[in-house]
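Encoded as structure tokens, the structure appears first; notes follow it.
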Amino acid sequence: MPATRALPTEEAVELIQLTRILAAKELAPRVAEAEADEAFPRDVFRTLGRSGLLGLPFAEEHGGADQPYEVYLQVLEEIAAVWSSVAVGVSVHALSCFPLSRFGTPEQQAEWLPDMLGGELLGAYCLSEPHAGSDPAAMRTRAVRDGDHYVLDGAKAWTTHGGHADFYTVMARTSEDRTRGVSCFLVPAGTPGLSADPPERKMGLTGSATATMRLDGVRVPVERRIGQEGEGLKIALASLDCGRLGISAVATGLAQGALDHAVRYARERETFGKPIIEHQGLAFVLADMGAAVESSRAIALAAARLKDQGLPFTREAAIAKLVSTDNAMKVTTDAVQVLGGYGYTRDFPVERYMREAKVMQIFEGTNQIQRMIISRALDRSEGGLLTVLGKE
């Protein structure tokens, strides 16, 4: 029961069709075993990259597909409906490429972006630290200038693709100024002094590798600094706005997958002489699940359209992340309930969906942080939409 989509171009329609084919042929047959074995599917990202799906929202001149976020998010949804670990990986890869694509010099972009977007290289984003998750300005990882290099020392926690990535976008402190003392660096895997701890043992998304990255005297050439020294926090926050849209789409796709399984089961399972979907009590649960999925999709795409038009979307990205991830938690929990005892077993995927949904409420900024962002934006707002659009 694939989602009904209103896409802006014929090219976008073809992208969704391609994604559905790849998801059915390349992802679906592998997901259960890979998640059970906690095996990171590195080759899947090469397949997606060679199909053009790792660089969708980036400029064609740098190897991307120049697709609007409205389309990119729907591709993410389609992947997440089948394999959330992979969809999270695609979102994180885009997050790790964003600083270079937005703040890099033309020379840096021409040199590095084509390989980053072409599918052979996989990225990771290093912002959080063991003591500084929701407060990135409190980071302690340092980058000290030494001639034509910076020397980086510290630790970055919760790094998706940690130990598997080919490059790491790293935020590090270059001065004591809380908001203007952080800088951004592009660090290749294999750089001496860069290492990964053993992967975290997680409740869900077990096919996605998450590890703490250690930086011990890592020397990075000055030309690998992205943006000006001290711009790192601004870069990080701009990146997170985009990343939150990505996670909103992943959560929506996850919820769609859970809904699809629940509806399929409810049509086939019979009690009291008829399919359980025909019992009002259960039918209403499924109706609420469907409404939640559609609401999540609409909110995320509304925020994406603001971004595509060059309008502010920080508040809307926070709303999308908050609503879609809370909805995903509710929808996946209800999917387990629809399947009853079977939903609690690993013979069906809905228990995995429920475990995977939980972290959506935590990463890319907890949902408590999203509420702070939204409330502060409301406190600052004056005049509403017309002011945003520059009208009186």
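Under the 3.5 Å distance criterion, the side-chain polar atoms of Glu231 are matched with a main-chain donor or acceptor of Gln228. Remark: the backbone N or O of Leu100 is paired with a side-chain donor or acceptor of Gln109 at under 3.5 angstrom. Arg352 places no side-chain N or O within 3.5 Å of a backbone atom of Glu35 that could act as its donor or acceptor partner. A donor-acceptor contact shorter than 3.5 Å is absent between the side chain of Asp308 and the backbone of Pro68. Remark: side-chain polar atoms of Arg269 are not paired, donor with acceptor, to backbone N or O of Ile276 under 3.5 angstrom. Side-chain atoms of Lys321 come within 3.5 Å of backbone N or O of Phe363 as a donor-acceptor pair. The backbone N or O of Arg305 sits nowhere less than 3.5 Å from a side-chain atom of Glu70 that would complete a donor-acceptor pair. Arg244 places no side-chain N or O within donor-acceptor distance of the main-chain N or O of Ala320, the cut-off being under 3.5 Å. For the pair Ser208 (side chain) and Ser85 (backbone), a donor-acceptor distance under 3.5 Å is absent. Looking at Lys307, its side chain never comes within 3.5 Å of a backbone N or O of Ala317 through a donor-acceptor pair.
Of all non-hydrogen atoms in Tyr69 and Pro57, the two that sit nearest each other are CE1-CB, 3.5 Å. The minimum heavy-atom distance linking Pro130 with Ala157 is given by the pair N-CB, 3.8 Å. Taking every heavy atom of both residues into account, Asp197 and Ala211 meet most closely at O-CB, 3.5 Å. Summarising the geometry of Pro221 relative to His149, their closest heavy-atom pair is N-CD2, 3.6 Å, with the distance given to 0.1 Å. Closest approach of Leu73 to Ala249, counting heavy atoms only: O-CB, 3.3 Å. Closest approach of Gly204 and Arg355 over heavy atoms only: CA-NH1, 3.9 Å.
Leu113 is connected to Phe103 through a chain of hydrophobic side-chain contacts under 4.5 Å among Ile, Leu, Val, Met, Phe, Trp and Tyr, so both are in one cluster. Side-chain heavy atoms closer than 4.5 Å link hydrophobic residues (I, L, V, M, F, W, Y) into clusters, and following such links, even through other members, never connects Val187 to Ile235. The cluster map of Ile, Leu, Val, Met, Phe, Trp and Tyr, joined by side-chain heavy atoms under 4.5 Å apart, puts Leu22 and Trp83 in the same cluster. Using a 4.5 Å cut-off between side-chain heavy atoms of Ile, Leu, Val, Met, Phe, Trp and Tyr, with links allowed through other members, Val323 and Ile373 fall into different hydrophobic clusters. Transitive grouping of hydrophobic side chains (ILVMFWY, heavy atoms separated by less than 4.5 Å) keeps Leu205 and Met213 in distinct clusters.
Side-chain contact annotation: Ser183 with Thr174, donor-acceptor N/O pair under 3.5 Å present. Of the N and O atoms on the side chains of Ser101 and His62, not one donor lies less than 3.5 Å from an acceptor on the other residue. One side chain, Lys202 or Thr210, offers a donor N or O that lies under 3.5 Å from an acceptor on the other. Between the side chains of Thr325 and Asn367, at least one donor N or O lies within less than 3.5 Å of an accepting N or O.
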Going through the distances and angles, do Arg30 and Asp43 end up as a salt bridge (charged side-chain N to carboxylate O under 4.0 Å, His left out)?
CA-CA 12 Å; Arg30 296 179 54 180; Asp43 61 304; 2.7 Å; yes

Intermediate values then yes/no, ring-ring contact (aromatic ring centres under 6.0 Å, His included), His93 and Tyr125
CA-CA 8 Å; His93 178 75; Tyr125 188 76; over 10 Å; no

Hey, mind stepping through Arg42 and Asp166 against salt bridge (charged side-chain N to carboxylate O under 4.0 Å, His left out) and telling me if it holds?
CA-CA 11 Å; Arg42 180 64 180 86; Asp166 299 294; 2.7 Å; yes

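Counting only heavy atoms from C-beta outward, the side chains of Glu268 and Arg264 approach each other to under 4.5 Å. No side-chain heavy atom of Ser51 sits less than 4.5 Å from a side-chain heavy atom of Leu48. Counting only heavy atoms from C-beta outward, the side chains of Met360 and Val88 approach each other to under 4.5 Å.
To the nearest 0.5 Å, atoms CD (Gln370) and OG (Ser375) are separated by 11.0 Å. The CZ atom of Arg173 sits 8.5 Å away from the CD atom of Glu129 when rounded to the nearest 0.5 Å. Remark: Glu107 CD to Glu111 CD distance equals 9.5 Å, nearest 0.5 Å. Expressed to the nearest 0.5 Å, how far OG1 of Thr314 lies from CZ of Arg376 amounts to 13.0 Å. Atom CZ of Arg180 and atom OG of Ser175 lie 8.5 Å apart (nearest 0.5 Å). Atoms OG and CZ, on Ser239 and Phe98 in that order, are 5.0 Å from each other to the nearest 0.5 Å.
A cation-pi arrangement is found for Arg145 relative to Tyr150, the charged atom lying closer than 6.0 Å to the ring centre and inside a 45° cone about the ring normal.
A salt bridge links Arg5 with Glu78: the distance from a Lys NZ or Arg NE/NH1/NH2 to an Asp or Glu carboxylate oxygen falls below 4.0 Å. Asp288 has no carboxylate O lying under 4.0 Å from a charged side-chain N of Lys330, or vice versa, which leaves the two without a salt bridge. We find that Arg142 and Glu176 are joined by a salt bridge, their nearest charged nitrogen and carboxylate oxygen being less than 4.0 Å apart. Checked for salt-bridge contact, Asp135 and Arg178 meet the test: a charged N lies under 4.0 Å from a carboxylate O.
Among Val82, Val293, Val331, the single residue meeting the side-chain contact (heavy atoms from CB on, under 4.5 Å) criterion with Gln256 is Val293. Considering Phe167, Tyr168, Phe45 in turn, Phe45 is the only one that fulfils the ring-ring contact (aromatic ring centres under 6.0 Å, His included) rule with His161.
Residues forming a ring-ring contact (aromatic ring centres under 6.0 Å, His included) with Phe313 (at least two apart in sequence, or on another chain): none. Residues passing the salt bridge (Lys or Arg N to Asp or Glu O under 4.0 Å) test with Glu120 are Arg50, sequence neighbours excluded.
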